[in-house]
Protein chains: 2
Amino acid sequence: MEFLLKFRINEHLYLRNPESSEIGKSIIKNAINLVYEIGFEQFTFKKLAQKVECTEATIYRYFSSKHKLLTYILNWYWNYLEFVAKMRLQQITDSTAKLKLILEIITHSDGYSSEIQEYDLQKLHRIVISESSKSYLVKEVDEINKEFVFNPLKSLCQFIGEIVLEINPKFAYPKSLSSTLMETAHDQQFFSEHLPKLTDNKSRTQHKNYVLAYLNVLAFSVIK
Amino acid sequence: MEFLLKFRINEHLYLRNPESSEIGKSIIKNAINLVYEIGFEQFTFKKLAQKVECTEATIYRYFSSKHKLLTYILNWYWNYLEFVAKMRLQQITDSTAKLKLILEIITHSDGYSSEIQEYDLQKLHRIVISESSKSYLVKEVDEINKEFVFNPLKSLCQFIGEIVLEINPKFAYPKSLSSTLMETAHDQQFFSEHLPKLTDNKSRTQHKNYVLAYLNVLAFSVIK
DNA sequence: ATAAAAATAATAGTAATACTATAAAAAATA
DNA sequence: TATTTTTTATAGTATTACTATTATTTTTAT
């Protein structure tokens, strides 16, 4: 079984909807590949245009800046995570089991991604780990936040927070814990791979397993 | 009483030691002010030269890139944190009290900073919150890590990890918890101020108090 | 006090970045 | 078939992140 996932992404992020044309979709696919390969700092619309085999001007008709393109991609990812989480959680009634599954989903330890066609989720996950904070750690954060471009992230955080409250209705920090779990999933994975002395992963491999085990300890000891 | 703190900063980070001349110190002071004011993306050596009242060429004789200058500043901060933590912890024997004080220090909830002269610690703290991850979230992380420029961060993490182990010698994730606490101190402060829906801070003010209270819950429920 | 060395200023230049603008060709749609 | 939209091709701009060179000033050693 295969899925084609489309999400309505915030209109402030693009000038012309990249989902509305083949070249638009090619821009997104190649942007994911290119940011994955060279990182956001080295990523330029000129290089992207070469990959897409179009001109820079065409890309500028879709996105006004590379920063908005990054945020567009991250929005797609956050929408995707919330969608997958809600879908897979339907079969589960036990709240603890729900949160365990959430942690698997955010660390990509579940085997779900292979069934999705639209974008390369492995690469997308790498981008989220290394680049997502660059979307909001900018001086203009308050202005761009007014355009609701971080709503998918907030929504995901809210959703996880509700499950935390199911487990312990008296817990005072459901949303902070949720955002901490998401951020920690990213930075512990990065640290385990690149700055292992900031972690206790002895294996030098098995980064995902390590991070997942740690997140479980973190989450469940805090909630109770 | 006033202190003048100097640390030996990794030589790979500069071409000429900025501590060795007045203009060098002025470069660091003005860099802190300028990154604080306009953010790392907008920060350029041209603008910095105007503030320092020297030429760009002079700054390039001290630092080969703005990225290294940022890492230099962060190194100073990490050295400072470890120094202050070790100093203030000498009077304390109880391990739990030690960790509580560490959390106060990393959130800047302690009243210590006013006694330090060298650099503006309030601004430095803002820079650490918003810009520190940009120091290592780059494609070249493995190469620059080989030059030991992240040693002060690792050392601080190790130090906090040892205190965690004092509280519970069987805890399996002392260093991951330490790095999580440091990262969380930064991103929860940022979220509380700019993306409050990712937190449970109802007050819209009192960000530091909120973050400190949350970190205490996080740390002590995980360790036990 | 003088010579040598080092630091800084002044200036110029370069390739690349992050755009904006415009006219013409091509494609889609009515 | 005409009209609109999209894309290309091309040009241009201000800024960035540097490198390079020469001249002047300051520091240091003798």
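Reminder, nothing fancy here: chain letters follow the sequence lines and each chain counts from 1. Model, not experiment: these values are computed from the prediction.
For residues 73-85 of chain A, the salt bridge (charged side-chain N to carboxylate O under 4.0 Å, His left out) pairs, not counting sequence neighbours, are E82(A)-K86(A).
In the set dA17(D), dT17(C), dT6(D), dT17(C) carries the atom at the smallest distance from any side-chain atom of K47(A). For T44(B), whose side chain is taken as the heavy atoms from C-beta onward, the closest listed nucleotide among dC18(D), dT8(D), dA17(D) is dA17(D).
One atom, CD of E41(B), and another, P of dT16(D), lie 13 Å apart when rounded to the nearest Å. As rounded to whole Å, 15 Å separates atom P of dT8(C) from atom CD of E53(B). As a whole-Å value, the separation of F63(B) CZ from dA17(D) P is 16 Å. As rounded to whole Å, 17 Å separates atom C1' of dA26(C) from atom CD of E22(A). When the P atom of dA17(D) is taken as reference, atom NZ of K68(B) falls 16 Å away, rounded to whole Å. Whole-Å rounding puts the K66(A) NZ to dT17(C) P distance at 9 Å. To the nearest angstrom, P of dT26(D) lies 12 Å from CD1 of I23(B). Atom P of nucleotide dA11(D) and atom NZ of K46(A) are separated by 13 Å, given to the nearest angstrom.
Under the rule for a side-chain contact (heavy atoms from CB on, under 4.5 Å), the partners of Y173(B) that lie at least two apart in sequence or sit in another chain are D200(A), Y210(A), A213(A), Y214(A), V217(A), F171(B), S176(B).
With contacts defined as side-chain heavy-atom distances shorter than 4.5 Å, the pair L177(A)/L181(A) qualifies.
Residue-level contact check: Y62(B) touches the backbone only, with heavy atoms under 4.0 Å from sugar-phosphate atoms and none from bases. Among the heavy atoms of the strands lying under 4.0 Å from R61(A) is at least one base atom, whether or not backbone atoms are also near.
A salt bridge is absent between K139(A) and E41(B); no separation between the charged side-chain nitrogens and carboxylate oxygens falls under 4.0 Å. Salt bridge annotation for E193(A)-R126(A): present, with a cationic side-chain nitrogen under 4.0 angstrom from a carboxylate oxygen.
The side chain of T58(A) contributes an N or O atom lying less than 4.0 Å from OP1 or OP2 of dT8(D).
The nearest heavy atom of DNA chain C to F43(A) and to G24(B) marks one nucleotide each, and the one closer to the 5' end goes with G24(B).
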Quick test: give all pairs of protein nitrogen or oxygen and nucleotides 19-21 of chain D nitrogen or oxygen below 3.5 Å, distance rounded to 0.1 Å.
none

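Within a 6.0 Å sphere centred on NZ of K123(A), heavy atoms belonging to other residues, nucleotides or ligands number more than 12.
Pair assignment for dT7(D) gives dA24(C), based on Watson-Crick or G-U wobble hydrogen-bonding distances that are each under 3.5 Å. The pairing partner recorded for dA30(C) is dT1(D), the criterion being a Watson-Crick or G-U wobble arrangement whose two distances lie under 3.5 angstrom.
Between the side chains of Q189(B) and T107(B), not a single donor N or O lies within less than 3.5 Å of an accepting N or O.
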